[in-house]
There are 2 protein chains.
Amino acid sequence: MRMAEGVEWALHSCLNLAWVGPERAVPTAALAAFYELPAAYLNKQLQALARAGVVYSTPGPGGGFRLARDPEQITLLDVVVAIEGREDAFQCTEIRQRGPGATPDAPTAPCLVDQAMRRAEIAWRAELASQTIAELQAAVRQAAPEVPVRARQWFAATP
Amino acid sequence: MRMAEGVEWALHSCLNLAWVGPERAVPTAALAAFYELPAAYLNKQLQALARAGVVYSTPGPGGGFRLARDPEQITLLDVVVAIEGREDAFQCTEIRQRGPGATPDAPTAPCLVDQAMRRAEIAWRAELASQTIAELQAAVRQAAPEVPVRARQWFAATP
DNA sequence: GCCTCGGTACTCGGATAAATCTTGTCCGAGTTGAAAAGG
DNA sequence: CCTTTTCAACTCGGACAAGATTTATCCGAGTACCGAGGC
């Protein structure tokens with residue numbers, strides 16, 4: 001159960017977009033160069049963020065990506081769901097209803113294994129939903145105040 | 001981020017081993033036939049459970065798998081870790097230390113994105129670790145008391 | 001000097017291959033149990 | 001009838017392919033900016 005690497009890229013890119021601010025659009029090439037990532041593939045992740053409504057995309061010269069909302073309104077869950085999709089990691093295939101183990105009763109109760117796994121995923125999602133990009137920004141500012149300054153300067157200097 | 005299907009199989013199989021009890025060893029073929037699963041592949045999952053110490057395996061005629069501990073001592077996390085591995089789903093590759101975005105400071109603070117994601121996974125793991133096979137058994141007994149009876153009967157009749 | 005028009009460069013967006021992981025299958029090593037032979 | 005020996009069947013265990021998902025790449029459609037030409 002390895003999470004897609006694009007999630008890490010998307011989170012860091014959202015953070016960078018937050019540093020730059022919503023006024024200026026940052027093209028994929030700049031976001032990719034900042035961490036030496038493959039630009040074409042990062043673009044794919046940013047497209048997913050755009051489809052999910054996390055970022056706006058504007059084509060043409062001077063175009064690129066901007067945060068669609070304030071960092072306070074973007075949770076980590078928003079980003080993860082945008083990249084990984086909405087469906088749960090554990091998917092109950094109802095094996096209990098196949099073979100000799102099947103219970104022929106018509107009103108089948110919900111699969112308790114599924115319920116237990118789902119409870120764990122809900123806890124995971126809740127923890128992700130409780131953290132916003134803005135809170136991440138605040139934590140970074142406190143731990144390493146020079147990071148946002150450097151990022152803003154670099155992106156301002158990169159056309 | 002789809003979880004391996006083997007997790008579902010392993011959980012249901014552990015439940016069935018719990019119904020049968022630790023006295024009798026159940027071979028892979030019986031566990032697979034109960035849900036019409038591919039026996040050879042289910043065997044692979046059971047091997048993983050054996051390596052993790054969740055079940056005992058005994059070869060030869062009359063052999064098979066038994067729970068290695070009481071159902072109260074087996075958590076859902078034990079089973080999931082046995083199948084999926086111990087490493088986290090989100091793996092920080094430290095992209096922040098590559099390219100122009102790298103902070104040249106020697107004492108690098110921990111990656112806050114990684115910390116945030118890890119917090120969510122810890123919540124997930126905690127929820128899984130809080131539920132045991134025995135509790136699942138109790139829930140099934142209450143929701144559908146005939147299920148354990150049917151299972152015991154079927155496995156007793158299957159050599 | 002101001003407006004209009006055309007071109008060019010730049011951006012995203014989706015369609016298209018390579019790599020890696022999951023899923024599925026197979027056969028061999030080892031062990032047990034039973035049956036058969038001997039005492 | 002009891003003991004010993006041999007055999008055969010059954011079990012797990014790891015090595016070996018097929019399919020699916022992730023990763024990576026490319027080129028085309030569309031847009032905004034910039035310059036040139038005309039009014």
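Lettering of chains follows the sequences in order, A, B, ..., and the numbering in each one begins at 1.
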| task | Any chance you could measure A:Glu84, atom CD, to A:Leu77, atom CG, to the nearest 0.5 Å? | result | 11.5 Å

Between [options], which nucleotide gets closest to the side-chain atoms of [X]?
X       : options                : result
B:Ala40 : C:dC12, C:dC26, D:dT22 : C:dC26
A:Lys44 : D:dA24, C:dT32, C:dC12 : D:dA24
A:Pro59 : C:dT11, C:dT32, C:dT23 : C:dT11

Any side-chain N or O of [X] below 4.0 angstrom from OP1/OP2 of [N]?
X       : N      : value
B:Ser57 : D:dG13 : yes
A:Thr28 : C:dC12 : yes
A:Tyr41 : D:dT23 : yes
B:Arg66 : D:dC12 : no

Carboxylate-amine/guanidinium proximity below 4.0 Å for [X] and [Y]:
X        : Y        : answer
B:Arg119 : B:Glu121 : no
B:Asp88  : B:Arg125 : yes
A:Asp78  : A:Arg69  : yes

Check whether any side-chain heavy atom of [X] sits under 4.5 Å from a side-chain heavy atom of [Y], and report yes or no.
X        : Y       : answer
A:Trp124 : A:Val80 : yes
A:Gln47  : A:Gln45 : no
B:Arg66  : B:Thr58 : yes

Between [N] atom [atom2] and [X] atom [atom1], what is the distance in whole Å?
X       : N      : atom1 : atom2 : value
A:Leu42 : C:dG13 : CG    : C1'   : 14 Å
B:Leu37 : C:dT25 : CG    : P     : 11 Å
B:Tyr56 : D:dG13 : OH    : P     : 13 Å
B:Glu84 : C:dC21 : CD    : C1'   : 11 Å
A:Ile95 : C:dT23 : CD1   : P     : 13 Å
B:Glu5  : D:dT21 : CD    : P     : 11 Å
A:Leu17 : C:dC12 : CG    : C1'   : 14 Å
A:Asn43 : C:dT11 : CG    : C1'   : 9 Å

| query | Looking across every strand, which nucleic acid part, if any, lies under 4.0 Å from A:Ala4 by heavy atom: base, sugar-phosphate, or nothing? | reply | sugar-phosphate

| message | Students often get this wrong, so: under 4.0 angstrom with heavy atoms, is A:Met1 touching a base, only sugar-phosphate, or nothing? | response | sugar-phosphate

| message | With nearest nucleotide decided by heavy atoms, which residue, A:Pro38 or B:Phe65, maps closer to the 5′ end of DNA chain D? | response |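 That would be B:Phe65.
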
| query | Looking at residues 45-55 of chain B, who's got a heavy atom less than 4.0 Å off DNA chain D? | reply | B:Gln47, B:Arg51

| field | Residue pairs fulfilling salt bridge (Lys or Arg N to Asp or Glu O under 4.0 Å) with at least one residue in residues 10-37 of chain A, sequence neighbours excluded | value |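 Every pair satisfying salt bridge (Lys or Arg N to Asp or Glu O under 4.0 Å) with a residue in residues 10-37 of chain A: there are none.
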
